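Below: one structure, written as C-alpha cells.
Below, each value reflects all heavy atoms present in this structure, side chains not excepted, and no hydrogens, waters or symmetry copies. Every value quoted in this text rests on a predicted model; they were computed, and no experiment measured them.
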Amino acid sequence: MKTALINLVLFTAILAGVVSSYSFERKAVAGKEQKVRYASWDDVNVIAHGLLQLGHGLKEHVDKTKGQMRDITTKIKTFNGTVAELGKQTQRLQEDGEALKAKARNLEERENQVLNISTELWEKAEEMQRDTQKVHERIGKLEEKVDGMLQGEGLEIINSSDAHIIQWMMEAQNRRIDDLVEKIHQQQEKLEKQNVRIRTLQNQIKQRKERASLRRKTDEAAINGSIEQGDSPLGSASDCHELFLQGESTSGVYTIQPVNSQPFEVYCQMTSEGGWTVIQRRVDGSLDFDQLWQAYKTGFGKLNGEFWLGLEKIHSLSKQGDYILQVELTDWKDESQAIKYPFHLGGEESSYTLHLQDGSSGALESALTSDPSGLPFSTQDRDNDQKKDINCAKHLSGGWWFSSCGHSNLNGKYFSGPPPKQRHQRKQGVFWKTWRGRYYPLKTTVMKIAPAGIDYKS
C-alpha cells in the first residue's frame with residue numbers, strides 16, 4: 001500500500017511539472033507568435049491520460065483502505081470479545097479462589113476438631129487403661145480371696161450366697177472390661193475415618209489449586225497470543241469420582257485428565273456413593289489377554305467390553321493421592337465376592353510395582369501379596385516375578401503381579417466351557433486361589449479404583 005501511494009505522488013509531481021513547463025513555454029513564445037492560442041492535441045491526451053491514471057490510483061487506494069479498515073474493525077471486535085471472556089474467566093477464578101479459601105478454612109476447623117477429638121480419645125483411652133488396671137487388680141484380689149476361701153485360709157465357713165455374689169461381681173467386671181475395649185476400638189475406627197477424610201479433602205484442595213494455577217497460566221498465554229482460545233483442556237475431571245461430584249450419575253465412557261497427565265478415555269461405574277474408574281474387566285473371553293509389555297503399558301481392548309486400561313494410566317491416577325483398589329469376582333453359579341485394598345502403583349522405572357497397604361476389607365480372602373517391597377508387573381517378555389527358575393507370565397498366561405505363580409492371575413486364559421483336563425492347562429486360566437481354588441476358572445472379573453476416604457458400598 002505504501003509503494004502504490006509513493007508511485008501516485010511521483011506521478012502527480014511529474015504531471016504538475018509537465019503542465020508548468022507547457023505554461024512557461026507558451027509565455028516564452030507569446031511575444032513571437034501571437035497566433036498560437038491552444039495546446040496541441042498530444043499534450044491534451046497526455047494530461048487526460050495522466051488524470052485518468054491518477055483517478056484509478058486514487059480509487060484503488062480508497063478500496064484498499066476500506067478493506068483494511070474492515071479488517072481492523074473485525075480484529076477490534078474479536079479482541080473485545082476475548083477481553084470480555086477473559087474478564088468472565090477472571091471472575092470465575094476469583095470465585096473459585098474464594099471457595100477454595102472457604103474450604104481451606106473448613107478443613108482447618110475440621111483438623112482442629114479432629115485434634116481435639118484425638119486428644120479426648122487418648123485421654124479416655126488412658127483413663128480406660130487405668131480403670132482396666134484397677135479392675136485387673138480387684139479381680140486379682142478377688143481371685144486370691146476366693147482361693148483362700150476355698151482352701152479354708154481366710155474363712156472357716158463359706159456359704160453358697162457369698163460364692164454367688166463373688167461370681168456375679170467377677171462377671172460384671174468382665175462385661176465392663178469388654179465394653180471398655182469395644183468402645184476403644186470404636187473410637188479408634190472413628191479417628192481413622194476422620195484422618196482418611198482429612199487426607200481426601202487435602203488431596204481435593206491440592207488438585208483444585210493445581211487446576212486453578214493451570215487455568216491462570218492458560219489465560220495469561222491466551223492474553224499474550226501464544227495459544228488460541230479453546231485449546232485449553234479446562235474442565236476435565238481427574239477421575240470418575242470427580243465426574244460424580246460434578247453431577248454425572250450414569251455409568252459409561254468419559255474423558256478424564258489426571259494431574260500432570262494427558263487426557264484419556266475411561267469407563268466410569270457410577271454408584272450412589274461415588275464414581276469408580278474401571279481398570280480391568282473380563283466377561284466373555286472375547287479379548288486375548290496374553291499380551292506383551294508394551295500392550296499392558298498402554299492398554300488394550302474396548303472400554304464397553306473387555307479391556308485392560310493400561311499401567312501408565314493407572315499410575316497417573318494413583319499418584320494423585322490415596323486410592324483404593326476393589327477386585328470383584330463371579331463364579332459360574334453367579335455368586336460374587338469382592339475385596340478392597342488401599343494401594344499405590346509405582347511408575348515404569350519400578351516396573352509398575354504394586355504396593356498394598358494394611359487394611360484390606362471384604363468377604364473375599366486376599367490372594368495378592370502384602371510384601372512391603374511390593375510386586376512388580378510381569379509379562380512373557382519382561383520377567384519380574386519372584387520365581388527364579390520360571391517365567392510365571394510365560395508359564396501361565398497374560399501379564400500380572402506374580403509372586404510365585406500360584407496365588408492369583410486375573411489376566412489368564414478365559415475358559416467359557418468346561419476347563420481342560422490337563423493340569424498345566426487349567427493353571428493358565430483366570431483364577432483367585434483363596435476363593436474357588438487355583439484350578440477353578442472364574443466367569444467374570446472387574447478391577448476398579450477410587451479415592452480413599454469414601455464409604456463405597458459397591
Proximity of Tyr267 and Phe307 rings by center, below 6.0 Å: no
Any side-chain heavy-atom pair of [X] and [Y] under 4.5 Å:
| X | Y | value |
| --- | --- | --- |
| Leu345 | Thr353 | no |
| Leu317 | Thr277 | yes |
| Trp432 | Leu442 | yes |
| Leu410 | Met447 | yes |

Partners of [X] by side chain to side chain donor-acceptor pair (under 3.5 Å), sequence neighbours excluded?
| X | result |
| --- | --- |
| Tyr254 | Glu248 |
| Asp383 | none |
| Ser366 | Tyr341 |
| Trp401 | none |

Would you please say whether a donor-acceptor pair under 3.5 Å links the side chains of [X] and [Y]?
| X | Y | result |
| --- | --- | --- |
| Trp400 | Ser378 | no |
| Gln380 | Asp290 | yes |
| Arg282 | Tyr414 | no |
| Gln280 | Thr445 | yes |
| Asp239 | Tyr323 | yes |

Which atom of Cys240 lies closest to which atom of Ile256, heavy atoms considered: N-CG2, 4.4 Å
Inter- and intrachain pairs under disulfide (SG to SG under 2.5 Å), touching residues 342-404, at least two apart: Cys392-Cys405
Backbone of [Y] reached by a side-chain donor or acceptor of [X] within 3.5 Å:
| X | Y | result |
| --- | --- | --- |
| Glu306 | Val283 | yes |
| Arg382 | Phe377 | no |
| Ser397 | Ala393 | no |
| Asn411 | Gly399 | yes |

Residue pairs fulfilling side-chain hydrogen bond (donor to acceptor under 3.5 Å, both in side chains) with at least one residue in residues 307-318, sequence neighbours excluded: Glu312-Tyr352
Residue list, salt bridge (Lys or Arg N to Asp or Glu O under 4.0 Å) with [X], at least two apart or on another chain:
| X | value |
| --- | --- |
| Lys413 | none |
| Asp71 | none |
| Arg436 | Asp331, Glu335 |
| Glu365 | none |

Roughly how far, to the nearest 0.5 Å, is [atom2] of [Y] from [atom1] of [X]?
| X | Y | atom1 | atom2 | result |
| --- | --- | --- | --- | --- |
| Asp381 | Gln291 | CG | CD | 10.5 Å |
| Leu368 | Ser360 | CG | OG | 10.0 Å |
| Arg423 | Tyr439 | CZ | OH | 3.5 Å |
| Gln269 | Trp276 | CD | CH2 | 8.5 Å |

Stepwise side-chain contact (heavy atoms from CB on, under 4.5 Å) check, Leu354 with Phe343: CA-CA 7 Å; Leu354 178 66; Phe343 87 105; 3.7 Å; yes
Contacts of type side chain to side chain contact (heavy atoms under 4.5 Å, CB included), residue Glu60, not counting sequence neighbours: none
Parallel, tilted or perpendicular, as decided by the 30° and 60° cut-offs, for the rings of Phe300 and Tyr296: perpendicular
Plane angle bin for His424 and His395 - parallel if under 30°, tilted between 30 and 60°, otherwise perpendicular: tilted
Ring pair (Phe, Tyr, Trp, His ring centres under 6.0 Å) involving Phe415 - partner list, sequence neighbours excluded: none
